[in-house]
Amino acid sequence: MKSNRKLILQLCGATLGMFLFGFALVPLYDVFCDITGLNGKLELVAKKSTGVIDTSRAIKVQFIANTNESMPWDFVAKDVEMTVHPGENARADFFVQNLTNEQMVGQAIVSVSPSIGAKYFHKTQCFCFDRQVLNAKQAQDVSVLFSLDTDLPESVKKITLSYTFFDITDLQPVAAN
Amino acid sequence: MNIWKVFKAVFSAFIGVQSEKNRLEDFQANSPIPFILVGILMVLIFIFSLVYLVNFMVYLM
Amino acid sequence: MTSAVDHHHGPATGMTRWLFTTNHKDIGSMYLIFSLLMFFIGGSMALIIRMELVEPGLQVVQPEFFNQMTTMHGLIMVFGAVMPAFVGLANWMVPLMIGAPDMALPRLNNFSFWLLPFAFFMLLSTLVMDGGAPDFGWTFYAPLSTTYAPPSVTFFIFAIHLAGVSSILGAINVIVTIMNMRAPSMSYMKMPLFVWTWLITAFLLVAVMPVLAGTVTMMLTDIHFGTSFFDAGGGGDPVLFQHLFWFFGHPEVYIMILPAFGIISQIVPTFSRKPLFGYASMVYATSSIALLSFTVWAHHMFTVGIPLVGELFFMYATMLISVPTGVKVFNWVATMFRGSMTFETPMLFAIAFIVLFTIGGFSGLMLAISPADFQYHDTYFVVAHFHYVLVPGAVFSIMAAAYYWMPKWTGNMYDEYLGKCHFWCSFVGLNLTFFPMHFVGLAGMPRRIPDYSIQFADFNLVSSLGGFLFGFSQLIFVLVVVKCVKGGKKAEAVVWEGAEGLEWQVPSPAPYHTFETPPEVK
Amino acid sequence: MKERSCSSAVLIILAALWSVSAQADWALNMTEGVTEVSRSIYSLHMQIFWICVVIAIAVFSVMFWSIIHHRKSVGAKAEQFHENTTVELIWTIVPVLILVAMAVPATTTLIEMYDTSDSDVDIQVTGYQWKWQYQYLGEDLSFFSNLSTNPDEINNKVEKNKNYLLEVDEPLVVPIGKKIRFLVTSNDVIHSWWVPAFAVKRDAIPGFINESWTRIDEVGTYRGQCAELCGKDHGFMPIVVQAVTDEDYALWLTEKKASIAAEVAAAARVWSLEELMVRGEQVYQKNCAACHQVGGQGISPMFPALKASAIATQAEQRDAHIKIVLEGRAGTAMQAYGAQLSAVELAAVITYERNAWGNDTGDIITPQSIQSMLKSK
C-alpha cells in the first residue's frame, strides 16, 4: 500500500490554508469594497481635492445623523441638504451632545448612497476619522470638509451620507486626556 | 498529455458533457495536477469574462 | 454481523466494540444510527414549528422559543442528520466499492465519529441554558448572532467547531482511502459514481469547512475578545459575515446533494437493468462543480445591497453553473428509458428523488432571476425551494441507499410491504407539507415568523397536516430497520438482479473484514 | 381487506380537504402590485414559471411513459446503450439558450430597479427591534410605526380582524405618481423592509444605508412585513403604506406636523396624575407590554417584573427608573426610549409604572422634568 503520509500532509496543509484564507477574506473584502464602493464603505483617509471645479453640474448632498442602539447622545445634522459642484470644497456641520452623566466614547461610521458615489466622495477632514470622547452633558459642534470628484458619473445627481454614532465606550480603553 | 487536450477536457467538464472515448484518453494522464490548475485558471477566466460582460451590459442599457 | 469466513478476531463484544472500533462497517453503522436519531430530534422540532403554525394566533409556543426551534431544526437537520448519514454511507460503501480492506485511517475514522455525539450533546444542551438556545436562524447572521445573541451562543460556536473538525477529518479520510487504497485493477476509469461524487464532496468539505470554522471563530472573538469583524462600530461589517457564511454555504448545499447524485446513479441503473447513461458526463460535471460552486454565493444576498455590477455577475454565474448539474436529471431519465424496470422500494425513492428534486431545481432557477428574487427572498417560497431540494433530495436518497444496501449490511431482506407503506406515506406527507409553501410564499408570507395574517391560514393548515403525516410515517422506517436487523428472508450476495459493483461480490451480510486481498475487477 | 380500508381512508381525507378548501381564500400567486417594477417582476416570474412547467411536462411525460412501457413485468427487454453526446449537448445547450433569453429582460428590470436618480420624496426607513421609524428628509418630520393588533387577538381571546398582524398605529403616507426614494438603515440588528405591492425589499443594516425606490400608480393602503429574522417579534413589526393623491399628501403633512408640535407643546402644561395614568397605560400597552406583560409581571429572567419591583416602588430608585427608561440597557432588549417617545409619553408611562398594579407610589413625573433630559430633535 502506498504510504499515505504525503497525501495526508497535503490535505492538512489545504485545510490550514483554507482556514487562513477565511481570515484573509476580511482584508480582501475591504480592498474589494474600495474598488467597487461596495455598500458605500468610505476610505477613512484624508484626500486633498484637485482644485478643479466643474460648475456645470450641481449635485445635491443630503446628510443624515443616526445613533446606533438609540445611544443616549443627541446627534443632529445642521445642514440637512446642500448643493455642491464637483471639485468644490464644502463643509457640513453637526451638533452632538452626551446626555448621560458619565464620560462616553463614540465612533461615527459613514455610509453613502448610491454606493457608486462612495469612490468619488473625498473627505479632507472629518470627525468620523477618530473617536469622539464626550464628558457628562458635554455638547460639541463637529464638521466634515469634503469635495466631490469631478469624474463623478453623470447618473449621480443626489448623494446621501448617513453618519451613525456607535457607543464604543467599553470597546476601547479611554485614553487619559 | 499536451496542454490543449487538458483545456479541452476541462472545458467539457464545465459544460458537463463528455464522451466515453475522450474520458478514457483523459484518464491516461498520470496525475490530476494539470487538470486542477487548468480548472482554476478557467474558473478565473469564467469570472473575468462574466465581469466584462456585466460591465458591458450596464454600459449598454 | 459476523460470519464464518472471518478467520482472525471478530468484533469485540459489549460497549468496547462500539467505543474503540476501527472497522469501517461498525463506524458506518454508528454514523447512520446517529443520523437517524438526529433526524427524529430535528423532525420533532419541525413538528413543534408546524404545531404553532396550524392556525393564526399564538397557541403552542412563545415567539422566542419558536425562533429557537427553527434555528435548532435547521442546524440539526443539516449538520446532524444529512451530513453524518452521507459520511456513514461513505464509510460503509466506499471501501467495499473500491476493493479496499478498510478506510485508510481507521483510528482517525473512529475519532471523527465520536466527535459528533459530543458536539450535538453540547448543541442540544443549549436548550436548557439560561437565555435559551440559539434563536438567530441556522444561517446565524451577525449582529443578531453576536451582540444580540443569548449567552448559549458560545456553546453553539464550539459545537460547530467540533462538528466541523469531524467533517474535515472524515473528508481527509475519504480522499486518502479513494486515492491510495483502491484495488490495483480498480482504476479511476472504473470507479462507481457514488465513489466519484464522494471524492468531489470530500474536496469541497476540505475547502469550505475551514472557512466556516474561521467565521465562527471570528464570531467568538467578536463576542468575547473585543474584536469587531462584524460590528460596524469597530470598523467591521455585518454584510462581511453574510459573504463569509455563504462562501461556505453554497458549496455546502453541493456537499449535501452530490452524494445523493451518486446514490441515485447507483440505484437507477440497477433497477432499470441498464448501464448509467453518460457516465463520463456525470463524472466531468460533478468534478467541475468542485470549482464552479465557489463563484455564486451571493445569490443568497440579492436584497442586502450589493452594487448593481455584483448583482448581475452573481445572477449570470448562478444561471450558468446550474445547467451542467441540473441537466444530469436527464441522464437518469435516459437511463430509465428503454430499460426493463422493476419498482422495489429503493427504485420508488429514486424516482421520487428525480421528480421532486427537479421541482426544487426549477424553483431554484426562478430564484436565480435577481429581480424576481426581490419578491421571493426570505419568504416561504424559499423555504419550499430548499425543502424540495433537501427532503426528496438528500433525505430520500439516504433512505433509498438504506433500502438498497440494508440486505448487504444485515444479511436479511427488508419487509417490502412496509417499505412501500413508508414510501407512499412519506411521498404524500412531503408534498402536502411543502407544496402549499410555494403558494403561501408567493402570497407574501415571510420566513421564520411564529404567527401570520389570516389570508395565509388555509395553506398553513394543509402544510401542518402534511408535516405530521410525513413526520410520523418515518416511524415505519424505524420498524423496517429493526425488523431487517433482527431477521427476515435471507439475502444472497447479489441482492438485486444484475447489480454491478464490487460490493456485491462479498457475501451478505458483509463479513467483518472484507477484501483482505484486493479483488480482481473485470 | 387491506386495500378497501386504505382507499376509504384516502376518500375521507380528500373529503375533509375539500370541505376546508371550499370556503378558503387560496391566494396562489405573487401579487402583480401597483408599480411598474412590480408588474415587470411579475411578468418575469410568470415567464420563468411557464418555461419550467413546459420543461417539466416534457421530461416527466417521457419518464412516466417509460415507467409504464419499459417495465420488466410487461416483458420489456433492457437495451444496453449508455451514451449519446449529441443528445447530451442538445439538452445542455437548449437550457443555456433559454436562460440567456431570460437574462436580458431580467437585466433591464434590475438596472431599472437600481436607478434611484432624481427622486421627488426621500424617506429614511430605520428598522428597530420590532418597529419601524420613518423620517421625511427635508420635512423635519419623523415618527414611529408600531404593530397595533390587539394582544387579545394574538392570544386567541378575541376574533381576529381582517388585517390581523398587518396593521400599524402610524402608517407611512406617500403621494402617488411621485418617485419616492427609500433610504433604509437599522438601529440594532438586520431587518428587511418589504412591501409586496411595490416589489420593494431592502435589508436594513446597522451602520450602513441602502437605497431603493418606487413610484406608486394607484391610491390605496399597501401592507408588508419585515423579511429578515430580527429576534423575538420579527413577525410582529408590519409595514403599512398609504398612497394618497398629492393634495391629500400635502394636507396630511401639515396636519401631521401640527399634531407633533401640539404634542411638544403639551409637555409645557401641568398634567394631573389621572391624565398621566390614562396616557401612560396607552403608551405601556404599545411599547412595554410585549416584554413586561400587561399585568407588569414580566417573564423572568429575560424581562424583569415591574409590579411590586424595587425600581418601580422605592422613592430613591425614582431617578434610576427614569434613567433606564430613557437610556435602556445595552445588549438587552431594553431599548433607550428617550430617543423614541415624546416627553409627555415618557412622563406618562413612568408615572403609570410607578402607580399601576398596586405600586401606588403617588409619584408624578412631569413632562417638563423629562424634556430637559431629552434630545432636541
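Chain letters run A, B, ... following the sequence lines, proteins first and then strands; every chain starts at 1.
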[atom1]/[X] to [atom2]/[Y] distance, rounded to the nearest 0.5 angstrom?
X        : Y        : atom1 : atom2 : result
C:Met189 : B:Gln28  : CE    : CD    : 5.5 Å
C:Leu291 : B:Leu41  : CG    : CG    : 11.0 Å
B:Gln18  : C:Ser288 : CD    : OG    : 11.5 Å

Determine, step by step, whether B:Val43 and C:Phe294 satisfy the side-chain contact (heavy atoms from CB on, under 4.5 Å) criterion, reporting the C-alpha distance in whole Å, the side-chain angles of both residues, the deciding distance to 0.1 Å, and the verdict. CA-CA 9 Å; B:Val43 167; C:Phe294 286 95; over 6 Å; no
Does any heavy atom of chain B fall under 4.5 Å from the side chain of C:Val323, the backbone, both, or neither of them?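 It is neither, since no heavy atom gets under 4.5 Å.
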Can you tell which part of C:Ile289 gets under 4.5 Å to a heavy atom of chain B, answering side chain, backbone, both or neither?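 The answer is neither part of C:Ile289.
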Step-by-step side-chain contact (heavy atoms from CB on, under 4.5 Å) determination, B:Ile47 to C:Phe313: CA-CA 8 Å; B:Ile47 289 171; C:Phe313 170 81; 3.9 Å; yes
Mind telling me whether C:Tyr188 and B:Phe27 have parallel, tilted or perpendicular rings, with 30° and 60° as the class edges?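 The rings of B:Phe27 and C:Tyr188 sit tilted, inter-plane angle from 30° to 60°.
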Can you name the closest pair of heavy atoms from B:Gly16 and C:Ala285 and give their distance?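 Where B:Gly16 meets C:Ala285 most closely, the heavy atoms are CA-CB, 3.8 Å.
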Closest non-hydrogen atom pair, C:Tyr284 against B:Ser12: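 Of all heavy-atom pairs spanning C:Tyr284 and B:Ser12, the closest is CD2-OG, 3.6 Å.
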Is there a side-chain contact between C:Leu320 and B:Leu50, using heavy atoms and a 4.5 Å cut-off?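 Answer yes - side chains close enough.
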Is it the backbone or the side chain of B:Met57 that comes under 4.5 Å from a heavy atom of chain C, or both, or neither?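 Only the side chain of B:Met57 comes within 4.5 Å of chain C.
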Under 4.5 Å from any heavy atom of chain C, what part of B:Leu24 do you find: side chain, backbone, both or neither?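 It is both, since atoms from each part get that close.
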Do other residues, nucleotides or ligands put more than 12 heavy atoms under 6.0 Å from B:Phe46 CZ?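 Yes, the 6.0 Å shell around CZ holds more than 12 heavy atoms from other groups.
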Out of C:Ser187, C:Ala280, C:Ala317, which one racks up the most heavy-atom pairs below 4.5 Å with chain B?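 Top option by heavy-atom pairs under 4.5 Å: C:Ala280.
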